[in-house]
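Everything numeric here is computed off the predicted structure, so don't read it as measured data.
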Amino acid sequence: QGQLVESGGGLVQPGGSLRLSCAASGFNLDWYAIGWFRRAPGKKREGISCISSKDGSTHYADSVKGRFTVSRDKTKNMVYLQMNSLKSEDTAVYYCATDLLPYVLDDWSLVESDFRSWGQGTQVTVSS
């Protein structure tokens with residue numbers, strides 16, 4: 001059974017940047033769509049980005065569009081989420097997810113229930 005592990009979280013000042021990593025063990029990430037989600041305190045988990053495996057297309061929620069970038073490194077079997085211009089409202093636990101349910105024909109999604117495999121999460125805190 002494959003596993004996902006997120007890393008790269010931490011404390012950053014408003015306007016700063018962080019790069020989160022999603023590593024896979026036991027399977028090739030390049031074969032799967034990878035979604036990024038976050039859960040802020042007291043809120044539901046929110047889908048913020050996804051990279052397709054079919055064509056490499058990337059997709060973003062309006063809340064992060066223009067500030068966050070998702071990418072793959074096939075040689076390292078990693079997916080990254082580059083986060084720039086961070087705001088206090090970006091504070092959350094960030095998760096990567098994979099293994100889309102078969103009915104998701106577009107090979108990408110920002111819907112939590114469409115994914116079956118999740119990492120444990122990494123905390124991002126944006127504060128001065």
Side-chain angles (χ1 to χ4, degrees):
Q1 189 78 15
Q3 285 189 318
L4 294 174
V5 179
E6 303 93 338
S7 61
L11 174 64
V12 63
Q13 292 187 339
S17 298
L18 279 176
R19 188 179 76 163
L20 304 184
S21 300
C22 177
S25 60
F27 66 100
N28 189 335
L29 272 181
D30 195 42
W31 299 343
Y32 298 88
I34 304 298
W36 282 98
F37 291 75
R38 66 185 181 186
R39 178 181 283 143
K43 295 188 177 181
K44 294 181 179 180
R45 191 148 55 181
E46 171 193 16
I48 57 172
S49 183
C50 188
I51 184 165
S52 168
S53 66
K54 283 184 180 178
D55 56 9
S57 60
T58 56
H59 309 270
Y60 301 94
D62 288 343
S63 58
V64 305
K65 197 172 293 182
R67 299 188 298 123
F68 291 11
T69 303
V70 62
S71 62
R72 294 183 186 271
D73 186 331
K74 299 178 182 180
T75 63
K76 296 182 179 179
N77 201 27
M78 300 276 280
V79 171
Y80 302 104
L81 185 68
Q82 178 67 42
M83 307 187 296
N84 298 328
S85 303
L86 284 162
K87 308 174 183 179
S88 58
E89 51 262 46
D90 294 318
T91 295
V93 178
Y94 283 72
Y95 303 86
C96 60
T98 192
D99 196 11
L100 281 172
L101 288 164
Y103 62 71
V104 184
L105 302 180
D106 290 336
D107 194 47
W108 72 271
S109 175
L110 298 180
V111 177
E112 178 181 6
S113 58
D114 287 345
F115 291 86
R116 290 182 285 196
S117 297
W118 295 81
Q120 84 290 347
T122 185
Q123 176 71 46
V124 172
T125 302
V126 184
S127 175
S128 55

Below 30° counts as parallel, above 60° as perpendicular, anything between as tilted: where do the rings of Tyr94 and Phe68 land?
tilted
Examine distances only and state if a side-chain atom of Gln82 and a backbone atom of Arg19 form a donor-acceptor pair shorter than 3.5 Å.
no
Starting from the C-alpha separation in whole Å, work towards a yes-or-no answer on side chain to side chain contact (heavy atoms under 4.5 Å, CB included) for Ser109 and Leu100.
CA-CA 8 Å; Ser109 175; Leu100 281 172; 3.9 Å; yes
So do the side chains of Trp36 and Val79 get within less than 4.5 Å of each other, counting heavy atoms only?
yes
Can you confirm whether Trp118 sits close enough to Gln3 that some side-chain heavy atom of one is under 4.5 Å from a side-chain heavy atom of the other?
no
Determine whether a donor-acceptor pair (N or O, by modelled atom type, separation under 3.5 Å) exists between the side chain of Asp106 and the backbone of Trp108.
no
Taking C-beta and beyond as the side chain, do Lys87 and Arg67 meet within less than 4.5 Å on heavy atoms?
yes
With a 4.5 Å cut-off on side-chain heavy atoms, are Val93 and Thr122 touching?
no
Within the 4.5 Å heavy-atom criterion, are His59 and Ile51 side-chain neighbours or not?
no
Show, in sequence, the C-alpha distance, side-chain angles and deciding distance for Val126 and Glu89, and conclude whether the side chain to side chain contact (heavy atoms under 4.5 Å, CB included) test is met.
CA-CA 8 Å; Val126 184; Glu89 51 262 46; over 6 Å; no
Which residue is it: Ile34, Thr58, Asn77? I am looking for the one with a side chain to side chain contact (heavy atoms under 4.5 Å, CB included) to Arg72.
Ile34
Look at the side chain of Glu6 and the backbone N and O of Gln120, then say whether any donor-acceptor pair between them is shorter than 3.5 Å.
yes
Do Ser127 and Gln13 have side-chain N/O donor and acceptor atoms under 3.5 Å apart?
no
Are the side chains of Asp99 and Phe27 in touch, meaning some heavy atoms are under 4.5 Å apart?
no
Of all the heavy-atom pairs spanning Ala33 and Ser52, show the shortest one and how long it is.
CB-CA, 4.3 Å
Distance under 6.0 Å and angle within 45° of the ring axis: does Arg38 meet both against Tyr95?
no
Is there a side chain to side chain contact (heavy atoms under 4.5 Å, CB included) between Met78 and Cys22 once you walk through the steps?
CA-CA 6 Å; Met78 300 276 280; Cys22 177; over 6 Å; no
Are Ser53 and Trp31 packed together at the side-chain level, in the sense that at least one heavy-atom pair is separated by less than 4.5 angstrom?
no
Begin with the C-alpha distance, continue with both residues' side-chain angles, and end with the deciding distance and a verdict on side chain to side chain contact (heavy atoms under 4.5 Å, CB included) for Cys50 and Phe115.
CA-CA 11 Å; Cys50 188; Phe115 291 86; 4.1 Å; yes
Find out whether Arg39 and Glu112 are in side-chain contact, i.e. whether some heavy atom of one side chain is under 4.5 Å from a heavy atom of the other.
yes
Could you state whether Tyr80 and Tyr32 fall into the same hydrophobic cluster, counting links through intermediate Ile, Leu, Val, Met, Phe, Trp or Tyr residues with side-chain heavy atoms under 4.5 angstrom apart?
no
